[in-house]
Amino acid sequence: MTFLHILKSISLVIPTTLTLSALFGLSVLACTRVVYSGSDNTVITGRSMDWKEDIRSNLWVFPRGRDRNGLAGENSIEWKSKYGSVVVTGYDIGTADGMNEKGLVANLLYLAESDYGDTQGKPTLSMSLWAQYVLDNYATVAQAVEELKNEPFRVITSTLPNGSQAQLHLAISDSSGDSAIFEYIDGKLVIHHSKEYKVVTNSPIFEKQLALNQYWQSIGGLNFLPGTNRAADRFARAYFLLNSIPKQTVSNYISAVPEQKYQNQALASVLSVVRSVSVPLGITTPDQPNIASTVWRVVADQKNMTYYFDSATSPNVFWIDFSQLDFSPTASVKKLSLTDGTFYAGDATDNLVSETPFQFLPVE
């Protein structure tokens, strides 16, 4: 195909793409999530958190055996956590991201089209606990899908401290590379479950993200990739880049990698993909004020059980080593403060301190 033909093809689809972005992107707070599967059973999940302001995130360690309440009224679901987890909060009122001790990762991303419907007489769960419920209760994606498809609860949304409505969908992945995306569309729970679903962003709904990406695959990423900060464009770029990075040791670069380990090369590759689809700090879109800058990134190594944090406001990456954590029911909740310009570099596990847990946001 000649470059002229490519341009003509693009001219036919871009108006549709931009129209979808206009329809679905006006209230989007953007994020991107990718799942990498490489050699030696390596599985790594990376995500960006894009937000229009300081989201006041902190990192917490929860031991197993904690009693939970859904905080959504008299019919709230209750449970005791089966697994310990490391999580990053939003505004310290809810779990936005995390990995549990079995290597299950949960990522919340904004989705403007979310419509949670009514409770249908089922137990209720505050949005602030949705990701935490999954981390507390499941070791694999298959387990989560099998139980959650029967809807043991209904998610109830609420207003965030900045006045925005919590309109979110949930992506999960496990150490086998399995993946699922949970969305509430027109009041119904929709689950997309497949190892092929390695990339997810925001609007439009996941089904339409897949359809738009089919077009960009036909163009080919080496010929042309969409470059805006809109969710559909970030999906296409992340999909191409994730499938282009090496899945085994690269001799040209391994000598520069710490300890010359493939594990560290793979982590660097995934982080480079997430950074490449991030929105530089401070960039805004005048006619779409809610398309936001990336404020932090997370990369979860689900084989080697290490959780990496990369702040957009700090030049350093730090990590938490699960092998050094105590998840027993008698262990204390621990916190790593990330607010007010606090920063770390390298292994920050020893910087965790015992702390009274934050309060999840109830539905009022």
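Model, not experiment: these values are computed from the prediction.
Without hydrogens or angle criteria, Thr349 side chain to Ile320 main chain gives no donor-acceptor distance under 3.5 Å. A donor-acceptor pair is defined here as one N or O able to donate and one able to accept, closer than 3.5 Å; such a pair exists between the side chain of Gln265 and the backbone of Val250.
Less than 6.0 angstrom separates the ring centroid of Trp130 from the ring centroid of Tyr184. Ring-centre distance between Phe358 and Phe360: below the 6.0 Å cut-off. Aromatic ring centres of Phe322 and Phe327 lie closer together than 6.0 Å. Separation of the Phe318 and Phe343 ring centroids does not fall under the 6.0 Å cut-off.
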Chi angles and distances behind the salt bridge (charged side-chain N to carboxylate O under 4.0 Å, His left out) call for Lys198, Asp178
CA-CA 9 Å; Lys198 297 180 179 297; Asp178 201 5; over 6 Å; no
Between Arg47 and Asp97, is a salt bridge (charged side-chain N to carboxylate O under 4.0 Å, His left out) present by the stated rule, with each step listed?
CA-CA 9 Å; Arg47 68 85 52 86; Asp97 194 276; 2.7 Å; yes
Determine, stepwise, if the pair Tyr344 / Phe309 fulfils ring pair (Phe, Tyr, Trp, His ring centres under 6.0 Å).
CA-CA 10 Å; Tyr344 310 88; Phe309 190 92; 9.2 Å; no
Show the numbers, then the answer: is there a salt bridge (charged side-chain N to carboxylate O under 4.0 Å, His left out) between Lys80 and Asp67?
CA-CA 4 Å; Lys80 183 184 293 288; Asp67 292 320; 2.7 Å; yes
Determine, step by step, whether Leu352 and Leu59 satisfy the side chain to side chain contact (heavy atoms under 4.5 Å, CB included) criterion, reporting the C-alpha distance in whole Å, the side-chain angles of both residues, the deciding distance to 0.1 Å, and the verdict.
CA-CA 9 Å; Leu352 290 160; Leu59 186 147; 4.0 Å; yes
Audit row: Tyr138, Tyr83, ring pair (Phe, Tyr, Trp, His ring centres under 6.0 Å) steps and yes/no:
CA-CA 8 Å; Tyr138 306 115; Tyr83 306 111; 8.5 Å; no
Can Ser276 and Arg234 be said to form a side chain to side chain donor-acceptor pair (under 3.5 Å), step by step?
CA-CA 9 Å; Ser276 73; Arg234 285 183 287 105; over 6 Å; no
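With rounding to the nearest 0.5 Å, the separation of OG in Ser128 from CG in Leu160 is 9.5 Å. For the atom pair OG of Ser311 and CZ of Arg297, the computed distance is 8.0 Å after rounding to the nearest 0.5 Å.
Considering all non-hydrogen atoms of both residues, Ile172 and Ala144 come closest at CD1-CB, 3.7 Å. Minimum heavy-atom separation, Thr95 to Ala131: O-CB, 3.8 Å. Here the shortest heavy-atom pairing between Cys31 and Asn202 reads N-OD1, 2.8 Å. For the pair Val273 and Ala238, the tightest heavy-atom approach, listed with the atom from each and the gap, is CG1-O, 4.3 Å. Across all non-hydrogen atoms, the minimal contact from Leu111 to Pro204 is CD1-O, 4.0 Å. Listed here is the closest heavy atom pair of Val43 and Ser176: CG2-C, 4.0 Å.
Glu101 meets the side chain to side chain donor-acceptor pair (under 3.5 Å) test with Arg64; sequence neighbours excluded. Residues satisfying the side chain to side chain donor-acceptor pair (under 3.5 Å) criterion with Ser323, sequence neighbours excluded, are Asp321. With sequence neighbours excluded, no residue forms a side chain to side chain donor-acceptor pair (under 3.5 Å) with Thr306.
Counted within 6.0 Å of CD on Gln260, heavy atoms from surrounding residues, nucleotides or ligands total more than 12; the atom is thus considered enclosed. Around atom CD of Glu207, no more than 12 heavy atoms belonging to other residues, nucleotides or ligands sit under 6.0 Å away.
Hydrophobic clustering (side-chain heavy atoms under 4.5 Å, transitive across Ile, Leu, Val, Met, Phe, Trp, Tyr) groups Leu125 together with Phe182.
No hydrogens or angles considered: nothing links the side chains of Asp115 and Gln167 as a donor-acceptor pair under 3.5 Å.
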